[in-house]
Amino acid sequence: MAFITLNTQKLKDNYIHLDNFFGRHHIHWAVVSKLLCGNRKYLESLIHLGVQQVCDSRVSNLKTIKSINSSVETIYIKPPPKRSVTSVVKYADISFNTELSTMNLLSKAAVEANKIHKVVIMIELGELREGVMRENLVEFYSDVFKLPNIEVIGIGANLTCMYGVLPNHDKLIQLCIYKQLIEVKYNKKIPFVSGGASVTISLLDKGLLPNGINHFRVGETLYLGTDVYNNTAYENMHNDVFKLYAEVIEMSEKPMVPMGEIGHNLSGEKLAFDPTNANENAHRAIIDLGLLDIESDHLIPCDPDMRIAGVSSDMMVIDLGENPRHVKTGDLIEFKMDYLGVLRIMHSKYIEKRFEGAAL
């Protein structure tokens, strides 16, 4: 047995903190919900906070959001697949785009649906993920403005997510300049410059964000209280909105060093062990959790006396040392997770999703 819990009060506290923070800076912001993997009860708790705009990378999740509250503005947060344009137009009020051929299909789908589909054009600023190359941008906009039932509401960029390229004033001022250039050349108003994400909050807090950046997309900092730019936690936010609990299925005292010739394990690793521990024993708990659910690198025991000793496909071994907490079979061991850890656990069908405060 293993399950994840969501603390709704701590999520609410983080949301109110961010909403007030962005409000003071006159910034619009959208919540990125993809961490929740479309879990309906978790999405309901999020939307009930008063969220006005939600981003996700799966159409099925946007469909769920619309079924919970149709007035929430939904954003498809990556370039749409051509085979999905009809669903994107149906369930996403806005989509992020980089391909003219795809936008032609979005236009046709919007005409057929008799609706206006809003778009944000993403620009390449060095992360080398999605984005129109800057030298092609002016011509790109010329073609986009001709598309029926397509309304260009923003210009945006992504940084950090793949290669870790950090945002800075110079990169983000480029985004603002391109927005002004497009407006002047085509006599069009582009309301939003979506250059902010969790990693950019630190720049805004320090007064280093260009004034033209007026839209943020935030996930990790909301859920984990993370200062992504500095890879630390914000002191005035909760970093334990999510917790993971796993049941102890075996509890025994065993040697600290394996016995026998060491080969490669399930992950293809050949592990080395400290020979000074050859004659030492430790209390070891096996828990009902494994690589099917999460990699151990994304998991931290809440008890500082515990450490992860090893993991296989469906079991994990926890070194308890002298077992000062007197852990026994059937007990639950509590963990914190980083962003990728929560994402893996949320995606696992084997892990029950609960709210904190429910019976453990």
Output yes when Arg284 and Glu250 qualify as a salt bridge under the 4.0 Å nitrogen-oxygen rule, no when they do not.
no
Tell me if the centroids of the rings in Phe22 and Phe216 come within less than 6.0 Å of each other.
yes
Against Leu35, only a single residue in Leu340, Leu222, Val342, Asp56 fulfils side-chain contact (heavy atoms from CB on, under 4.5 Å); can you say which?
Val342
Say whether Ser194 and Arg217, considering side chains only, have a donor N or O and an acceptor N or O under 3.5 Å apart.
yes
Under a 3.5 Å cutoff, is there a donor and acceptor pairing between the side chains of Asp293 and Ser348?
yes
Between CD on residue Glu151 and CD1 on residue Ile116, distance to nearest 0.5 Å:
7.0 Å
Would you say Tyr178 and Ile155 make side-chain contact, with heavy atoms under 4.5 Å?
yes
Within the supplied structure, the quantity of interest is the number of heavy atoms (other residues, nucleotides, ligands) at a distance under 6.0 Å from Lys115 NZ; does it exceed 12?
yes
Ignoring hydrogens and geometry beyond distance, is a side-chain donor-acceptor pair present between Asp170 and Gln174 at under 3.5 Å?
no
Is there a side-chain contact between Ile77 and Val32, using heavy atoms and a 4.5 Å cut-off?
yes
Regarding Lys243 and Glu334, does a basic nitrogen lie under 4.0 Å from an acidic carboxylate oxygen?
yes
Pairing of Arg354 and Glu356 as salt bridge, 4.0 angstrom limit:
no
Under 4.5 Å between side-chain heavy atoms, counting indirect links through other Ile/Leu/Val/Met/Phe/Trp/Tyr residues: same cluster for Val120 and Val88 or not?
no
Side chain of Ser107, backbone of Pro148: donor and acceptor closer than 3.5 Å?
yes
Please confirm whether the backbone N or O of Ile190 pairs with a side-chain atom of Glu183, one donor and one acceptor, at under 3.5 Å?
yes
Is any NZ, NE, NH1 or NH2 atom of the basic residue among Arg40 and Glu44 found under 4.0 Å from an Asp or Glu carboxylate oxygen of the other?
yes
Can you see which heavy atom on Lys66 is nearest to which on Asp93, and at what distance?
NZ-OD2, 2.8 Å
Step-by-step salt bridge (Lys or Arg N to Asp or Glu O under 4.0 Å) determination, Arg325 to Asp303:
CA-CA 9 Å; Arg325 305 290 187 271; Asp303 189 327; 3.1 Å; yes
OG1 on Thr160 to CZ on Arg129, rounded to 0.5 Å:
10.0 Å
With a 4.5 Å limit on heavy-atom distance, are the side chains of Met315 and Ile287 in contact?
no
Taking atom CG of Leu343 and atom CZ of Phe242, what is their separation to the nearest 0.5 Å?
10.5 Å
For the CG atom of Asn239 and the OG1 atom of Thr221, what is their distance to the nearest 0.5 Å?
11.5 Å
Which of parallel (below 30°), tilted (30 to 60°) and perpendicular (above 60°) describes Phe21 and His25?
tilted
What do you reckon, is CG of Asn236 surrounded by more than 12 foreign heavy atoms closer than 6.0 Å?
yes
If you compare all heavy atoms of Ile75 against all heavy atoms of Ala30, which two are closest, and at what distance to 0.1 Å?
CD1-CB, 4.3 Å
Would you call the rings of Tyr245 and Phe3 parallel, tilted or perpendicular, where under 30° means parallel and over 60° means perpendicular?
parallel
Compare every heavy atom of Ser198 with every heavy atom of Val228, then report the nearest pair and how far apart it is.
CG2-CB, 3.7 Å
Salt bridge (Lys or Arg N to Asp or Glu O under 4.0 Å) for Arg307 and Asp319? Distances and angles first, verdict last.
CA-CA 5 Å; Arg307 70 173 186 87; Asp319 187 330; 3.2 Å; yes
For His28 against Phe192, the heavy-atom pair lying closest together:
CD2-CE2, 3.5 Å
Please walk me through it: do Arg24 and Asp205 pass salt bridge (Lys or Arg N to Asp or Glu O under 4.0 Å)?
CA-CA 11 Å; Arg24 290 194 300 271; Asp205 192 34; over 6 Å; no
Tyr15 to Gly50 - nearest heavy-atom pair and separation:
OH-O, 3.5 Å
Are the side chains of Met122 and Asn158 in touch, meaning some heavy atoms are under 4.5 Å apart?
yes
Are side-chain N/O atoms of Asn14 and His238 paired as donor and acceptor at under 3.5 Å?
no
Quickly, which of Asn69, Ile68, Val72 forms a side-chain contact (heavy atoms from CB on, under 4.5 Å) with Leu43? Name it, please.
Ile68
Report yes if the side chains of His298 and Met337 come closer than 4.5 Å at any heavy-atom pair, otherwise no.
no
Salt bridge Glu130-Lys78, side-chain N to carboxylate O under 4.0 Å
no
Val132, Phe145: one ILVMFWY side-chain cluster at the under-4.5 Å cut-off?
yes
For Tyr350, the hydrophobic cluster (side chain heavy atoms closer than 4.5 Å, chained through members) also holds none
CG (Asp13) and CD (Gln9) are apart, to the nearest 0.5 Å, by 4.5 Å
Would Lys328 and Asp331 satisfy salt bridge (Lys or Arg N to Asp or Glu O under 4.0 Å), going step by step from the backbone distance to the final call?
CA-CA 6 Å; Lys328 60 186 183 301; Asp331 286 351; 3.2 Å; yes
Evaluate whether atom NZ of Lys10 has more than 12 neighbouring non-hydrogen atoms of other residues, nucleotides or ligands under 6.0 angstrom away.
yes
Heavy-atom closest pair (Val138 atom, Ile182 atom, distance to 0.1 Å) is CA-CD1, 4.1 Å
Is any side-chain heavy atom of Ser45 less than 4.5 Å from a side-chain heavy atom of Phe355?
yes
Heavy atoms from other residues, nucleotides or ligands near CD of Gln52 exceed 12 (cutoff 6.0 Å)
no
Can you confirm whether more than 12 heavy atoms, excluding those of Glu139, are under 6.0 Å from its CD atom?
no
Below 4.5 Å, heavy atoms only, C-beta onward: do Val311 and Val317 meet side chain to side chain?
no
Do Thr232 and Asn230 get their side chains close enough for a donor-acceptor pair, meaning under 3.5 Å?
no
Enter the distance from Met346:CE to Lys34:NZ here, rounded to the nearest 0.5 Å.
14.5 Å
Does NZ or CZ of Lys353 fall inside the cone over Tyr42's six-membered ring, less than 6.0 Å from its centre and within 45° of the axis?
no
Between His117 and Ser95: side-chain donor-acceptor atoms closer than 3.5 Å
yes
For the residue pair Pro301 and Lys336, establish whether any side-chain heavy-atom pair is separated by less than 4.5 Å.
no
